[in-house]
Amino acid sequence: MKILGQLQSNIRSAWPGIFTTITVIFVATIYLPSGTICATTRSGKQLMESECGSQLRHLQGNEAVREVSPPKLKGEWMSTRCEVRPGPQYLTRRYKFHHDNKFTLHQFYYTDHRCTEPAYTYKVKGALALQSDSLMLKGAREANYILDKVILMVYKDNYAKTLSKLLNKTCPGEYYPEVLQLFEKYTVFDWNRDDPYGDCIEGVAFTMHELQLMREEFHTEFDDKKSEFVSWHELFLGDVHTDNSLRTTHRPKTYQTPLRKYQTNCTVCQFMHDADENSPPKMWQNMDKTDVEVTLQGEFISTRCEVRQVYFVIRHIIFHHNYSWEAYYHYYNDPNCHHPEYSIYVKGTHTMGVHSTEVSGGTEFDFKTIEMWITPQNNMIKDQLNNFNENNCARRNSWRLNRPQEVTSTNGCAALGISLPYTEYELMRMETTKEGGVLLFTGQRPTLQTSPSSEELRPTSYQTPLMRCSGVNPLMQLAVTADTNGTGGAAGLTNSLCFILVLMVFSMLSVQH
């Protein structure tokens with residue numbers, strides 16, 4: 001009985017702490033974004049963690065990605081998803097590089113964005129020679145190539161007629177009748193042919209200039225399901241010009257979707273490995289992916305360090321329920337996103353989505369950017385902003401390292417080529433993965449412009465996808481989320497709630513002691 005009485009006394013004395021703990025949990029459950037964790041250091045400094053923050057930290061300090069230089073091309077490389085090129089063109093690729101620097105490449109084109117209905121295939125033979133490191137893009141290697149033979153095979157009647165017409169523009173009378181025969185092999189380029197009909201690919205704007213720029217990466221990560229580390233190789237090849245009429249003269253400056261090197265434990269590799277012009281792969285039927293309606297709610301972040309023509313970038317975009325959005329763009333000067341240049345925080349609005357009539361599976365949005373903050377993250381960028389002659393990028397000499405500054409009042413930042421407000425005409429699509437994740441594809445930027453600033457420049461292809469995450473990014477400067485009226489955004493709200501919860505915890509501890 002004495003022990004029971006002592007236990008009852010302890011419970012009464014501890015009840016205020018227990019009640020406070022329950023209150024803390026209740027408030028956190030209701031108000032904090034899912035995935036956010038609040039904590040404090042011994043000095044009382046607040047910390048926040050989230051899936052978005054964890055992914056950003058992973059990308060910024062990712063030691064699991066290693067460049068292979070020079071690229072070791074020998075072997076077989078293939079698409080891991082249905083790719084979308086400007087046009088739009090839907091395709092998959094299977095490239096084989098031989099030990100003697102020769103190659104045999106297959107490009108499979110389709111009628112649909114799922115790559116389930118083959119339209120035609122190019123089989124390409126030639127040779128390639130690696131050159132020096134690229135002076136235009138850090139981490140890239142340049143190369144020269146020679147085509148030996150290009151063979152075309154068509155599977156659909158409408159494409160047989162269209163391609164025949166285009167080929168006959170370059171080689172009149174060579175391709176007849178007016179419709180190419182289905183499942184017949186047509187040599188549209190032959191280096192060893194002496195007459196003018198040896199090269200008929202100009203009319204179809206076919207080129208392999210993507211071989212002029214490349215980068216190989218070796219990836220390693222821990223697989224929770226297998227409880228072991230897994231690794232794979234990826235090969236990035238040069239980008240394709242967004243203007244089809246300029247494609248044959250374009251020298252790549254960025255990359256396409258990477259190809260993966262063949263492995264026996266790679267499911268998608270298996271059916272791509274068996275494909276050729278006589279048996280083109282049907283991608284979506286062999287993939288655990290599902291198209292979903294584009295719903296712009298929640299937070300999305302980059303899945304890799306993304307490449308631009310000059311810088312490299314990590315994107316973090318937050319969509320709200322009232323057609324408003326905010327985004328963080330972190331720019332770096334290296335392909336691993338380890339060395340920051342500057343970051344941009346923007347806020348704006350967007351329209352309702354409209355299904356694209358031009359791009360199968362795509363949805364069109366118009367995004368308006370209204371407010372902007374810039375944070376210089378190295379001294380060179382800071383000095384560049386401070387030394388800019390005009391006061392149209394905040395005030396001259398007002399920039400400090402790692403301190404965000406608003407440029408809305410100066411209508412953007414002329415030093416970085418940004419004007420406010422501006423509208424971008426976007427294309428998006430969304431899909432789920434077999435693990436239950438959600439990927440958001442946004443439109444590819446125009447090759448010769450920084451953004452799709454008109455309806456004519458609206459993308460017809462996609463960038464590297466973003467992954468859906470939750471919570472508020474802990475590495476953001478929360479001060480920049482306050483708008484000009486002094487009201488906080490989503491990050492500021494979470495910050496305040498976390499601060500309140502931390503105070504409650506300290507109060508609880510002080511009562512108990």
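Side chains are part of it too, since the values below use all heavy atoms of this structure and drop only hydrogens, waters and symmetry mates. Since the structure is predicted, the reported quantities are computational estimates derived from the model, not experimental observations.
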Any chance [atom1] of [X] has more than 12 other-residue heavy atoms, nucleotides or ligands included, within less than 6.0 Å?
{"X": "E202", "atom1": "CD", "value": "no"}
{"X": "K125", "atom1": "NZ", "value": "no"}
{"X": "N265", "atom1": "CG", "value": "yes"}
{"X": "K165", "atom1": "NZ", "value": "no"}
{"X": "L401", "atom1": "CG", "value": "yes"}

Quick one: do the [X] and [Y] side chains pair a donor with an acceptor below 3.5 Å?
{"X": "N378", "Y": "E341", "result": "yes"}
{"X": "T447", "Y": "H250", "result": "no"}
{"X": "Y145", "Y": "H209", "result": "yes"}

Going by the rule ring pair (Phe, Tyr, Trp, His ring centres under 6.0 Å), which residues pair with [X] if we only count those two or more places apart in sequence or in a different chain?
{"X": "H355", "value": "none"}
{"X": "H273", "value": "Y262"}
{"X": "F236", "value": "Y255"}

Could you tell me whether a side-chain N or O of [X] sits under 3.5 Å from a main-chain N or O of [Y], the two making a donor and an acceptor?
{"X": "Q463", "Y": "Q444", "answer": "no"}
{"X": "T303", "Y": "M467", "answer": "no"}
{"X": "Q270", "Y": "Q263", "answer": "yes"}

For [Y], is there an ion pair with [X] - N to carboxylate O distance below 4.0 angstrom?
{"X": "R141", "Y": "D133", "result": "yes"}
{"X": "K261", "Y": "E76", "result": "no"}
{"X": "E67", "Y": "R215", "result": "yes"}
{"X": "K282", "Y": "D112", "result": "no"}
{"X": "R304", "Y": "E234", "result": "yes"}

Show me the side-chain donor-acceptor pairs of residues 147-158 shorter than 3.5 Å, one per line, residues at least two apart or across chains.
unit_1: Y155; atom_1: OH; unit_2: T121; atom_2: OG1; d: 2.8
unit_1: Y155; atom_1: OH; unit_2: E277; atom_2: O; d: 2.5
unit_1: K156; atom_1: NZ; unit_2: E117; atom_2: OE1; d: 3.2

In Å and rounded to the nearest 0.5 Å, what is the OG1 to CG distance from T432 to L439?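 That separation rounds to 8.5 Å.
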
Distance from F365 atom CZ to T351 atom OG1, nearest 0.5 Å? 7.0 Å

In terms of relative ring orientation, are H219 and W232 parallel, tilted or perpendicular, with 30° and 60° separating the classes?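 Rings of H219 and W232: parallel, as their planes differ by under 30°.
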
When the ring planes of Y345 and Y328 are compared, do they come out parallel, tilted or perpendicular, using 30° and 60° as the limits? tilted

Would you list the pairs meeting salt bridge (Lys or Arg N to Asp or Glu O under 4.0 Å) in which at least one residue belongs to residues 414-425, sequence neighbours left out? E424-R445

F222 ring center within less than 6.0 Å of F229 ring center: yes

Counting the benzene-type ring for Trp, do Y109 and Y90 have ring centres under 6.0 Å apart?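 No; Y90 has its ring centre 6.0 Å or more from that of Y109.
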
Determine, stepwise, if the pair F97 / K102 fulfils side-chain contact (heavy atoms from CB on, under 4.5 Å). CA-CA 6 Å; F97 296 94; K102 293 184 178 181; over 6 Å; no

Residues in side chain to side chain donor-acceptor pair (under 3.5 Å) contact with R93, at least two apart in sequence or another chain: E83, E210

